[in-house]
Peer 1: 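Dropping the structure in here first, questions after.
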Amino acid sequence: MNLEGRAMQDTTDEKFIETIGLIWQAEGNPRIAGQILACLILSDDPRSLSEIAETLGVSKASVSTNVRMLEARGLTEKVSRVGQRIDLWKAVPHPQGATLRAMSQRFRRNADRITEIAHDFGPEARGKQDKVAQFGDFYRSSADFLEQWADQLDKAAPARTTAPHIEDETENHG
């Protein structure tokens with residue numbers, strides 16, 4: 001990998017990019033999409049498809065496909081500069097809220113499907129109907145929680161100007 005024109009050799013940037021890629025992959029998404037998002041989060045300036053591809057050591061076509069998927073999910077946006085014909089991409093300012101909203105929408109769709117199934121049980125299967133309805137309620141409550149969390153992050157995001165302090169394992173231990 002190469003970030004901002006320099007070789008990356010087990011840097012913190014590389015660890016973040018790879019970790020986000022693995023998280024996305026574990027959640028059933030393309031690993032490269034997570035890596036692109038992480039790359040754009042770390043970048044101070046919007047990046048072209050070619051720059052992203054070079055940074056990550058992947059094809060420009062793969063970057064194009066995945067950055068558009070990220071855009072559709074509200075995590076990246078296309079920008080342009082006067083006099084340039086190429087599209088540039090950046091991460092939205094606070095992608096965490098968009099991530100939570102997407103999760104909330106998936107949970108809400110699951111709740112709707114499960115609730116429909118619960119209604120399909122006849123009166124003779126009241127016990128099954130209650131169990132299935134409880135599962136639907138779980139998904140609906142989770143969707144509400146995720147939406148509220150996204151709202152809280154959106155309200156707090158502009159106020160945060162520095163990263164929170166993360167205690168080093170060697171601090172205050174001795």
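Starting from 1, each residue takes its place in the sequence as its number. Everything numeric in this text was worked out from a predicted model, so none of it was measured.
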Peer 1: What pairs of donor and acceptor atoms, side-chain ones from residues 130-143 against any protein atom, are under 3.5 angstrom apart with sequence neighbours left out?
Peer 2:
{"unit_1": "Arg140", "atom_1": "NH1", "unit_2": "Asp112", "atom_2": "OD1", "d": "3.1"}
{"unit_1": "Arg140", "atom_1": "NH2", "unit_2": "Asp112", "atom_2": "OD1", "d": "3.1"}
{"unit_1": "Arg140", "atom_1": "NH2", "unit_2": "Thr115", "atom_2": "OG1", "d": "3.4"}
{"unit_1": "Ser141", "atom_1": "OG", "unit_2": "Asp137", "atom_2": "O", "d": "3.1"}
{"unit_1": "Ser142", "atom_1": "OG", "unit_2": "Phe138", "atom_2": "O", "d": "2.9"}

Peer 1: Got a second to check how far Gln105's CD is from Glu147's CD, nearest 0.5 Å?
Peer 2: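 Rounded to the nearest 0.5 Å, the CD-CD separation comes to 7.5 Å.
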Peer 1: Is a donor on one side and an acceptor on the other found under 3.5 Å between the side chain of Thr99 and the backbone of Pro95?
Peer 2: yes
Peer 1: Let me check something: do Leu88 and Val92 share a hydrophobic cluster, defined by ILVMFWY side-chain heavy atoms less than 4.5 Å apart, either directly or through other members?
Peer 2: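 Not linked; separate clusters.
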Peer 1: If we ignore hydrogens and angles and just use 3.5 Å, is the side chain of Thr65 paired with the main-chain N or O of Ala61 as donor and acceptor?
Peer 2: yes
Peer 1: Please name all residues satisfying side chain to side chain contact (heavy atoms under 4.5 Å, CB included) with Ala38, sequence neighbours left out, ordered by chain then number.
Peer 2: Phe16, Ile17, Ile20
Peer 1: Do the side chains of Gln25 and Leu22 get nearer than 4.5 Å, heavy atoms only?
Peer 2: yes
Peer 1: Measure the CD1-CG distance between Ile36 and Leu56 for me, rounded to the nearest 0.5 Å.
Peer 2: 6.5 Å
Peer 1: Is Val67 linked to Ile23 within one hydrophobic cluster, defined over Ile, Leu, Val, Met, Phe, Trp and Tyr using a side-chain heavy-atom separation of less than 4.5 Å?
Peer 2: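 Same cluster: Val67 reaches Ile23 through Ile, Leu, Val, Met, Phe, Trp or Tyr contacts under 4.5 Å.
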Peer 1: About how many Å separate CH2 of Trp24 and CG of Asn66, when rounded to the nearest 0.5 Å?
Peer 2: 9.0 Å
Peer 1: Could you tell me whether Arg126 atom CZ has more than 12 heavy atoms of other residues or ligands within 6.0 Å of it?
Peer 2: no
Peer 1: Report the distance from atom CH2 of Trp89 to atom CG of Leu75, rounding to the nearest 0.5 Å.
Peer 2: 12.0 Å
Peer 1: Could you tell me whether the side chain of Ser48 reaches within less than 4.5 Å of the side chain of Gln84, counting heavy atoms only?
Peer 2: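 Side chain of Gln84 against side chain of Ser48, heavy atoms only: no contact under 4.5 Å found.
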Peer 1: Would Asp151 and Arg101 pass as an ion pair if we require N to O under 4.0 Å?
Peer 2: yes
Peer 1: Looking at Pro30 and Met69, what are the two nearest heavy atoms and their distance?
Peer 2: CD-CE, 4.0 Å
Peer 1: Measuring from atom OG of Ser80 to atom CD1 of Ile86, what distance do you get when rounded to the nearest 0.5 angstrom?
Peer 2: 10.5 Å
Peer 1: Would you say Gln129 and Asp120 make side-chain contact, with heavy atoms under 4.5 Å?
Peer 2: no
Peer 1: Below 4.5 Å, heavy atoms only, C-beta onward: do Leu153 and His94 meet side chain to side chain?
Peer 2: no
Peer 1: Would you call Val63 and Arg47 a side-chain contact if the rule is heavy atoms closer than 4.5 Å?
Peer 2: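 No, every pair of side-chain atoms sits at 4.5 Å or beyond.
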Peer 1: Heavy atoms only: give me the nearest Gly97-Ala150 pair and the separation to one decimal.
Peer 2: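 Result for this residue pair: O-CB, 3.7 Å.
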Peer 1: What heavy-atom pair brings Asn29 and Arg73 nearest, and what distance separates the two atoms?
Peer 2: OD1-NH1, 2.8 Å
Peer 1: Can any side-chain N or O of Thr55 pair as donor or acceptor with the backbone N or O of Glu51 at less than 3.5 Å?
Peer 2: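 Judged by distance alone, yes, a pair lies under 3.5 Å.
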